[in-house]
Amino acid sequence: MAKAVMTFPADFRWGTATAAYQVEGNNTNSDWWQWEHSGSNILEGHKSGLASDWWQNAEADLDLAAEMGNNAHRLSLEWSRIEPEPSVFDQAALDRYRQILQAMHDRGIEPMVTLHHFSNPIWLAEKGDFNSSLVLDYFKRYTAKVVDALGDLIPKWVTINEPMVYAVLRYLDGVFPAPQRKGYGAALEAVGNMLRCHAAAYHIIKEQYPQAEVGIAKNTAVLEPAPGGMLNGWWARKASWFYNEAIWDTLVDGRFRWPFGHGKVDGLAGSFDFIGINYYTRFYLKFPPRGKLWEEEWGPEAVVSDGNYGEVYPEGLFRVIKSVLKYDKPIYITENGLPDATDRLRPSYLITHLREIWRAISFCYPVMGYYHWSLVDNFEWDRGWTQRFGLIELDPETQERKLRKSGQLYGEMCRSGSLSSEMAEQYAPDLIPALFPGQVPERDS
Ligand code: FCB
């Protein structure tokens, strides 16, 4: 049987993503460490501990990423390591980050670096972090330090990860480290300050490295009306604009036009070189919302990943890509993945989601790269170790790692720069009739 091949552009970024707090281990100066060690804030009382041991040995996983043929990786820097006390910068921490970034370059892996990925130094949290106007000067100084020390090794930057998720989980749902003030007002104020920090960081980076690409990684979900309920459709459209698009609109002209606040942020207009999309799933909305923005309920046909995390909905990736074309910027899928400890769904998830990207590229949509979340199992915030997102399976007790079957598949895709019917046949044969019609293998009679 002839094989069918979906080929990606030669310069496509085949990557994976991680975040500092989730993989490094022993980030004792972070507000997350405090949160983990007080009360019962983490599912099953889990602790990050050594996490995936990246502070000592990121190289072990980078070796596996290189063997998989990855040519890109998104990682974050832990502000609380770099500036453990206000104005005290730790040169040894910066040196270690230099070593990790250099290790990536040595393996042909291009770094994309996130400055803020959900974690704050304890001292900053004590000063009110994103609810204090002080944060802007602190963030500028932290960024300038990082740009000076590491900028020559960083071609791509994400200033802030998922401002909306951060606001919802921290200020509304209360599952992230408790801020000094909670509620809608505090949440919107925090997002506003995150955007101020973003704008400032954008210009600090570009001043020294005009060629660097700088953007935000934005969680983008397909939000649809739950069946029934006359106002569900109206509400889903409103919520979808606010959750998915309001931030990009703000970046276009530097103006907020949000519920409870209008305003302009200096330097924000045009401060993005790419759109970073973190896509996981779709949610259904009911009006009026009952305590939560969306329902964690799926239709009877839905394929749902571990811990009721979300529905597997690959077409959603195409839909969210399409929804940001109007901003006319290159697009990176800066996160996409699922919790799946036994790898029952991940091989087909990879094939179906990358096929949606291939489809988008074949329409000339500017999708430049894909960073699978995640390279290795890691500490999943308030859900601790209960959710395993890695292409590499990790036993956090022994630090033993093993490439999952999905990791082997991703390796085949990355090394060949393509997705083929042969791969589907080997890793997810059930997909053949739908994805590669005409490629149905002849069965022995
Ligand atoms: C995203 C976060 C990332 C990880 C994945 C599963 O929202 O950016 O750190 O938790 O979800």
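Every heavy atom of this structure was used, including side-chain atoms; hydrogens, water molecules and symmetry mates were not. Counting starts at 1 for both ligands and their atoms, following the listed order.
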Verify the ring-centre separation between Trp14 and Tyr371: is it less than 6.0 angstrom?
no
Below a 4.0 angstrom heavy-atom separation, can you tell me which part of Gln387, side chain or backbone, both or neither, approaches ligand 1?
neither
Please could you name the atoms of ligand 1 that Glu335 approaches to less than 4.0 Å, counting only its heavy atoms?
1 (C), 2 (C), 3 (C), 5 (C), 8 (O), 11 (O)
Residues Arg404 and Asp377 bridged, charged N to O under 4.0 Å:
yes
Under 4.0 Å from a heavy atom of Trp381: which atoms of ligand 1 are those, numbered in the order shown and with their elements?
3 (C), 4 (C), 9 (O), 10 (O)
Taking the six-membered ring for Trp, are the ring centroids of Tyr309 and Phe389 within less than 6.0 Å of each other?
yes
Side chain to side chain contact (heavy atoms under 4.5 Å, CB included) between His116 and Tyr142: does it pass, once the steps are laid out?
CA-CA 10 Å; His116 187 275; Tyr142 157 63; 5.8 Å; no
Under 6.0 Å from the ring centre and within 45 degrees of the ring axis: does the NZ or CZ of Arg81 meet both conditions for the six-membered ring of Trp55?
yes
How far is atom 5 (C) of ligand 1 from the closest protein heavy atom, and which atom is that?
Tyr280 OH, 3.3 Å
Tell me whether Lys329 forms a cation-pi arrangement with Phe274, defined as NZ or CZ under 6.0 Å from the six-membered ring centre and within 45 degrees of its axis.
no
Subset of ligand 1 atoms that lie under 4.0 Å from at least one heavy atom of His117
2 (C), 3 (C), 8 (O), 9 (O)
Which of the ligand 1 atoms, numbered from 1, are nearer than 4.0 Å to a heavy atom of Glu162:
1 (C), 2 (C), 7 (O), 8 (O)
Pick from Trp373, Phe379, Tyr21: the one approaching atom 4 (C) of ligand 1 most closely through a non-hydrogen atom:
Trp373
Atoms of ligand 1 less than 4.0 Å from Asn161 heavy atoms?
8 (O)
Based purely on interatomic distance, does Glu380 place a nitrogen or oxygen under 3.5 Å from a nitrogen or oxygen of ligand 1?
yes
Is the positively charged end of Lys218 above the ring of Tyr243, judged by distance under 6.0 angstrom from the centroid and angle within 45° of the axis?
yes
Taking only non-hydrogen atoms of Phe389 and a 4.0 Å limit, the atoms of ligand 1 in range are 6 (C)
